[in-house]
Amino acid sequence: MKKKILGLTVFCLFLFALAAPGMAAYKAEYRMSVLVEPAGPWGRGAQMFADLVKKRTEGRIVIKPYFRGQLNEGKQTNEFMLLQQGVADFALASTINWSATVKELNLFSLPFLFHNDYKAVDALETGEVGRKIFRILADKGAIALGWGENGFREITNNKRAIHTPDDLQGIRIRVAGAPIFMDIFRSLGADPVAMNWGDVISALQSGTVDGQENPVASITIPYRLWEVNKYITFWHYAIDPLIFAASKETWDALDRIDREIIGKAAREAASWQKKAARECLTDSAASLDILRNNGMEITLLTPAQLQAFKVKTKPVYDKWASDIGIDLVRAAEKTVKSVEAKKSRKVKR
Ligand code: X2X
């Protein structure tokens, strides 16, 4: 009997130790995966999150951002697996890099779904579609904590100004390793090459590729792409959201109070990060000036010109819509349309 009581007491103490705040075995350092360099809204958003968490947990949780894809071992499409395996504890990651593992994330790369409309992006992320995507990520081992943003992706190259799909013929465009981008650029007659972001600047310098596509405020400007590419065309063909996330394994080992602190820090950093990425809005006068003053030749497309790209990429859109899941895509289209309808009602008034 005595033995039983002793056993029970030890068991209860063990349970208590597991549940008590601050008693869990914490790591000395939590690793955060970030593909880009510290400068620019993306890198700065990651650092802000780490700083907030350290301050508010009074140093109990130290998150170290590993910039420039250091944890990926040279392959950015591996990033989601790093979280699944707990190699990375946290990430601020592009949905493009995770889309190889989470097919629903290709939604954001469907050509011309969003028409440069940030309100529609926000509505989608905060609505049922966004919540569904976060549930899918949790099922696969990543706890999503907030939506950040890389931005709408614009195309740059060294060969010629691009006004029509014909202008893209034969141009070697570097794309991130997501197959939907290979399909999009092939449908336009370009010659796409999948390549890690870390290799792109030197590939553009050496002429291994002629161009690339990335958001202006987050990538083109901080990486000074005018040093390697002369022409930029604004076509806003895909949005690239970022996600602040934790590995489920890491998350489950944190106590409740720390999870709350981290969640709140991620939401704050995400909202700052998104604003910073949008501050220099893709085709705002300020960003156009920066590009022009650095010698880039800018092409802005009329709605009729954009339509030509849309028509050419429609088969890719349809093919990927069924791969992604037609219900999810239709729900996204509905959200985008309703935001646009609201806008045009306002304009008419
Ligand atoms: O590799 C890219 O183009 C980048 C930096 O935008 C992504 O991470 C998808």
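Atoms within each ligand, like the ligands themselves, are counted from 1 in listed order.
- Salt bridge status for D240 with R153: present, with a side-chain N to carboxylate O gap under 4.0 Å.
- Ion pairing of K54 with D51 is absent here, as no side-chain N (NZ or NE/NH1/NH2) approaches a carboxylate O to less than 4.0 Å.
- Taking a cutoff of 4.0 Å between a charged side-chain nitrogen and a carboxylate oxygen, K314 and D318 qualify as a salt bridge.
- The residue Y223 has no part lying near ligand 1, judged by heavy-atom distances below 4.0 Å.
- Salt-bridge check for K343 with E340: failed, with every basic side-chain N at 4.0 Å or more from each acidic carboxylate O.
- Considering each of V34, N214, L35, the one bringing a non-hydrogen atom nearest atom 6 (O) of ligand 1 is N214.
- Under a 4.0 Å criterion applied to the non-hydrogen atoms of S94, ligand 1 contributes the atoms 8 (O), 9 (C).
- For the atom pair CE of M81 and NZ of K140, the computed distance is 12.0 Å after rounding to the nearest 0.5 Å.
- Heavy-atom distances between Q212 and ligand 1 stay at or above 4.0 Å for every pair.
- Close contacts of ligand 1 with W197, meaning ligand atoms under 4.0 Å from a residue heavy atom, involve 1 (O), 5 (C).
- When heavy-atom distances to ligand 1 are checked against a 4.0 Å cut-off, N97 comes that close only through its side chain, counted from C-beta outward.
- Between E260 and R56, no side-chain nitrogen of the basic residue sits less than 4.0 Å from a carboxylate oxygen of the acidic one, so the salt-bridge criterion is not met.
- The proximity of N150 to ligand 1, defined as any non-hydrogen pair under 4.0 Å, is limited to the side chain.
- At a 4.0 Å heavy-atom cut-off, ligand 1 touches R174 through the side chain alone.
- Between W42 and ligand 1, no pair of N/O atoms sits closer than 3.5 Å.
- By the 3.5 Å distance cut-off applied to N or O atoms, E213 is not counted among the residues near ligand 1.
- Using bins of under 30°, 30° to 60° and over 60° for the plane-to-plane angle, the ring pair F309/F112 lands in the tilted bin.
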